[in-house]
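Following: one structure in structure tokens, then a few remarks.
Chain letters run A, B, ... following the sequence lines, proteins first and then strands; every chain starts at 1.
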Amino acid sequence: MTIQIHNTLSGKKEPLQTLEPGHVKLYVCGITSYDFCHIGHARSALAFDMIVRYLRYRGYKVTFVRNFTDIDDKIIARAQEQGTSSEELANRFINEFYIDMDRLGVDRPDIEPKATEHIKEMTDLIGELIGKGMAYQAGNDVYYIVDSFPEYGKLSKRNLEDMKAGARITVNEQKKHPMDFVLWKGSKPGEPTWDSPWGPGRPGWHIECSAMSRKYLGETFDIHGGGQDLIFPHHENEIAQSEGANGKPFVKSWIHHGFVTIRDEKMSKSLGNFLTIRDILDHYHPEILRFFIFSTHYRNPLDFSESAMKDATAGLERLYECVAAVDSLDPASADKTAKSILTPKDIKKVMELETRFQQAMDNDFNTAQAQGVFFDTVKNINRLHGKITGAPAAEDIRFLKNATALLKKLAAIMGLLTEDAQSFLAARREKRIADSDIDASAIDALIAERYQCRLDKNWARSDQIRDELLARNIELCDGPEGTTWSVKSK
RNA sequence: GGCGGCGUAGCCAAGUGGCCAAGGCAGUGGUCUGCAAAACCAUUAUUCAUCGGUUCGACUCCGAUCGCCGCCUCCA
């Protein structure tokens, strides 16, 4: 089985064939650091985190590069608003980004280049394009000549004629063609500047990715990724720059993930439906967000809502409940004379987990399908666990523990089931108590009273106490070790 | 207007032409319990927006229609 990946360039799923055997070279467009990251950035980071982990699990060496855009118009504007330098602002939000990524448990890429640390690579590349007649200086700016690259539009499937017709682009007198885009911008007074053969200025947005990917991954590499909104113009322009300068194919396969929407609208600041990663993590455990994001295939739109997060919570807890139940089996309590309850069919069903997981993930990283495989396995584990009556056979304990160990190993590729199951569930219960203003001692007193009622078989009063507490969103659970209580999930 | 994508049960969501159309949430029935709750088990789409076509056979391929979304300006 080979891994199939949907390639935006061809519009089809294609088998992964690395240029260098067993080594995937991956470049992903990172953030422009001028504000806190939102849930859409989280989806991007998590999608590629999962992809890298899966490729490594499948035995590939992966060189993963993700850049920081730390100089651009928005950064300059925001820095001026705040009375600070663009350097300080960009670095501050890079640090905030790391805080978010660490909370989400996202692994660091191998290389995280910053645009401002690669000005030389960019000016070299621009120089090459001018030398080839593919770029020109106009005033203090340098522009790319889109007409010089016949394949312009091949990624976004559009042509220059169509784009001119629907042009909503501000007319720029200096440009020879309205679609020509800027490689180098002459600086205005007060803006950050770097020296260049075309005078003081700063790089255009697209050139950094062409320059930095070439430096770290070479002129041609395997996979380039980002959000669907980057297809045009950003990635289209990267292709024009890189293939124009290098005369070689830029990227073998393009991966673009879908948006996060809220009430089916794309998040945007103008609509005010903007949720930052830390807004979400203040209310939900990081694994719940991960579970939610991976419950849909990465290319589909994903609609954020409280009810969707509630579903994700219930689903993740179901997985943890299964693991916790198996964890609580004590090998020392095994009955040496007990017969195994396992049938060859049971064993086969559970052992299919890894194959089925790989089939799902090989199919363009289909995490939604893979989650389905997890639940099938959980169902089987629970069924077998339920078949055990009395002291279990040692063989059965070993089998169930191996099964949950495998489940945890595979779920970890999506960053799920990484915590101790008992602790996770206990923390969930405590969080619910903490989130509600409940007087625990008063509840304990009522439980004590009810305990006496139950000994006296005074069911009426006993049930009355339970109903009173239930009205306050507190659930009682009568077990062999006494009564426990928990706050009901909404 | 140009280009791309999507429409599968109450909700979410897989499905790379052919055994009963995964899975989750919610619902229903059971096990457990004094009764419950939680947990677990079982169960829930003769049908895949609509209409045609190709095929021995289509949710899957092709065409048309309706509806929704995204990109074409910064954007994950």
Side-chain angles (χ1 to χ4, degrees), chain A residues 4 8 11-13 28-32 37-48 72-74 77 153 156-159 161-170 179 205 225-234 236 256-261 264-269 291-292 295-297 299-303 305 307-308 310-319 321-322 324-325 356 359-360 362-364 366-376 378-379 382-383 385-387 454 457-460 462-463 466-467 469-470 474-480 483-486 488:
Chain A
Q4 302 279 322
T8 308
K12 290 184 211 138
K13 279 185 207 172
V28 172
C29 290
I31 58 160
T32 299
C37 287
H38 56 65
I39 183 175
H41 297 111
R43 185 179 197 187
S44 178
L46 290 172
F48 290 106
D72 108 308
D73 290 348
K74 291 189 299 292
S156 55
K157 316 275 192 289
R158 56 190 84 196
N159 62 59
E161 286 311 305
D162 292 342
M163 286 188 276
K164 257 198 292 195
R168 286 195 286 169
I169 307 145
T170 324
M179 293 310 295
W205 174 34
Q228 278 170 354
D229 48 356
L230 296 182
I231 295 171
F232 190 88
H234 185 53
E236 195 69 68
H256 292 99
H257 66 259
F259 297 122
V260 178
T261 59
D264 292 323
E265 283 180 318
K266 183 182 169 183
M267 282 198 304
S268 80
K269 291 189 175 173
F291 185 98
F292 165 67
S295 65
T296 297
H297 182 82
R299 274 190 292 115
N300 290 345
L302 177 62
D303 197 49
S305 66
S307 70
K310 195 185 154 204
D311 285 356
T313 304
L316 182 63
E317 286 181 355
R318 180 171 162 81
L319 298 182
E321 295 276 3
C322 169
R356 291 181 62 207
Q359 278 170 0
D362 280 356
N363 182 18
D364 197 25
N366 196 330
T367 53
Q369 198 173 24
Q371 284 187 351
V373 176
F374 292 160
F375 283 109
D376 273 347
V378 160
K379 185 178 286 188
N382 286 338
R383 191 175 45 77
H385 196 172
K387 264 166 78 174
R454 294 182 71 222
K457 297 203 190 301
N458 180 357
W459 307 126
S462 167
D463 292 351
R466 185 172 63 201
D467 291 345
L469 288 172
L470 190 61
I474 292 157
E475 281 175 337
L476 296 187
C477 170
D478 299 326
T483 299
T484 58
W485 59 277
S486 58
K488 221 174 136 183

Sugar-phosphate means primed atoms, P, OP1 and OP2; the rest is base. With that split, encode nucleotides 24-33 of chain B 5' to 3' as B, S or - using protein heavy atoms under 4.0 Å.
BS--------
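Among the atoms of the strands shown, none is found under 4.0 Å from any heavy atom of A/I39. Counting non-hydrogen atoms under 4.0 angstrom, A/G386 reaches nothing in the nucleic acid. Residue contacts shown for A/H234 are absent, as no nucleic acid heavy atom lies under 4.0 Å away. A/V260 comes within 4.0 angstrom of a base, heavy atoms only. Heavy atoms of A/G40 sit under 4.0 angstrom from at least one base atom. No engagement by A/R43 is indicated, since no non-hydrogen atom pair under 4.0 Å with the nucleic acid exists. As judged by a 4.0 angstrom heavy-atom cut-off over every strand, A/Q228 is placed among residues making no nucleic acid contact. Counting any heavy atom pair closer than 4.0 Å across all strands shown, A/L476 reaches a base atom. Among the atoms of the strands shown, base atoms are found under 4.0 Å from some heavy atom of A/F259.
Across B/U65 and B/A21, the matching P atoms stand 32 Å from one another, rounded to whole Å. Look at the P atom in both B/A22 and B/G27: the space between them is 22 Å, to the nearest Å. Only the C1' atoms considered, B/A9 is 12 Å distant from B/A26, to the nearest whole Å. With C1' as the reference atom, B/U8 and B/A14 are 10 Å apart, rounded to whole Å. Rounded to whole Å, the separation between the P atoms of B/U28 and B/A36 comes to 14 Å. With C1' as the reference atom, B/G10 and B/U43 are 16 Å apart, rounded to whole Å. Here, B/C11 and B/G18 have their C1' atoms 31 Å apart, quoted to the whole Å. Annotation: B/U44 and B/C71 have their C1' atoms spaced 40 Å apart (nearest Å).
Interatomic distance, A/W205 CH2 to A/D72 CG, rounded to the nearest 0.5 Å: 8.5 Å. Annotation: the span from A/H257 atom NE2 to A/F48 atom CZ amounts to 6.5 Å, rounded to 0.5 Å. A/K379 contributes atom NZ, which lies 12.5 Å from atom SG of A/C322 (distance to the nearest 0.5 angstrom).
Nearest nucleotide to the A/K266 side chain, out of B/C74, B/G70, B/G34: B/G70. Of all nucleotides listed (B/C72, B/A76, B/C74), B/C72 comes nearest to the side chain of A/F232. Nearest to the side chain of A/E475, among B/A14, B/A37, B/A22, sits B/A37. Closest approach to the A/H297 side chain among B/A14, B/C74, B/G34 is made by B/A14 (side chain taken as heavy atoms from C-beta onward). Nearest to the side-chain atoms of A/R383 among the listed nucleotides B/G34, B/C71, B/A42 stands B/A42.
In a base pair of the Watson-Crick type (N1 to N3 plus N6-O4 or O6-N4) or a G-U wobble (N1-O2 and O6-N3), with each distance short of 3.5 Å, B/U28 is matched with B/A42. Both distances falling under 3.5 Å, in either a Watson-Crick or a G-U wobble arrangement, occur for no nucleotide opposite B/U73. Across all strands shown, B/A21 remains unpaired; no Watson-Crick or G-U wobble contact has both distances below 3.5 Å. Using Watson-Crick or G-U wobble geometry with both donor-acceptor distances under 3.5 Å, B/U55 finds no partner in any strand shown. With a cut-off of 3.5 Å on both Watson-Crick or G-U wobble distances, the partner of B/C68 is given as B/G5.
Here the closest non-hydrogen pair linking A/C29 and A/L230 is CB-CD1, 3.6 Å. In terms of heavy-atom proximity, A/A325 sits nearest to A/H385 at O-CE1, 3.4 Å.
Phosphate proximity of B/G2 to A/N159: absent, as no side-chain N or O sits under 4.0 Å from OP1 or OP2. A/K387 has no side-chain polar atom (N or O) that falls below the 4.0 Å cut-off from OP1 or OP2 of B/C40. Listed pair A/N300 / B/A14 meets the phosphate criterion, a side-chain N or O lying under 4.0 Å from OP1 or OP2. Contact check, A/W205 against B/C75: a side-chain N or O comes under 4.0 Å of OP1 or OP2. For the pair A/N363 and B/G15, the criterion of a side-chain N or O lying under 4.0 Å from OP1 or OP2 is met.
Remark: P of B/G5 and CZ of A/R299 are 10 Å apart, rounded to the nearest angstrom. Distance A/M179 CE to B/C72 P: 10 Å, rounded to the nearest Å. Atom CG of A/D229 and atom P of B/G5 are 17 Å apart (whole Å). Note: CG (A/N366) to C1' (B/G15) measures 9 Å, nearest angstrom. Rounded to whole angstrom, the span from the NZ atom of A/K157 across to the P atom of B/G5 amounts to 8 Å. The distance between atom CG of A/D463 and atom P of B/A36, rounded to the nearest whole Å, is 10 Å. Rounded to an integer number of Å, the gap from A/N458 CG to B/C35 P is 16 Å. What separates CG of A/D467 from C1' of B/A36 is a distance of 9 Å, to the nearest Å.
Partner of A/D364 under the side chain to side chain donor-acceptor pair (under 3.5 Å) criterion, chosen from A/Q4, A/R299, A/Q369: A/R299.
Of the charged side-chain nitrogens involved, at least one lies within less than 4.0 Å of a carboxylate oxygen, so that A/R466 and A/D463 count as a salt-bridged pair.
Along RNA chain B, the nucleotide nearest A/G11 and the nucleotide nearest A/I231 are compared for position; the residue whose nucleotide lies closer to the 5' end is A/G11. Of the two residues near RNA chain B, A/T296 and A/Q371, the one whose nearest nucleotide lies more 5' is A/T296.
Contact annotation: the side chain of A/H297 never approaches that of A/T367 to less than 4.5 Å [non-hydrogen atoms, C-beta and beyond].
A/F291 and A/F375 have perpendicular rings, their planes meeting at more than 60° on a 0 to 90° scale where under 30° would count as parallel.
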Given the rule in the side chain to side chain contact (heavy atoms under 4.5 Å, CB included) test, do A/R43 and A/I39 qualify, once you have shown the distances and angles that lead to the verdict?
CA-CA 6 Å; A/R43 185 179 197 187; A/I39 183 175; 6.0 Å; no
With side chain to side chain contact (heavy atoms under 4.5 Å, CB included) as the test, would you mind laying out the steps for A/F232 and A/H234 before giving the verdict?
CA-CA 5 Å; A/F232 190 88; A/H234 185 53; over 6 Å; no
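The base of B/C35 sits within donor-acceptor range of the side chain of A/R466, with an N or O pair under 3.5 Å.
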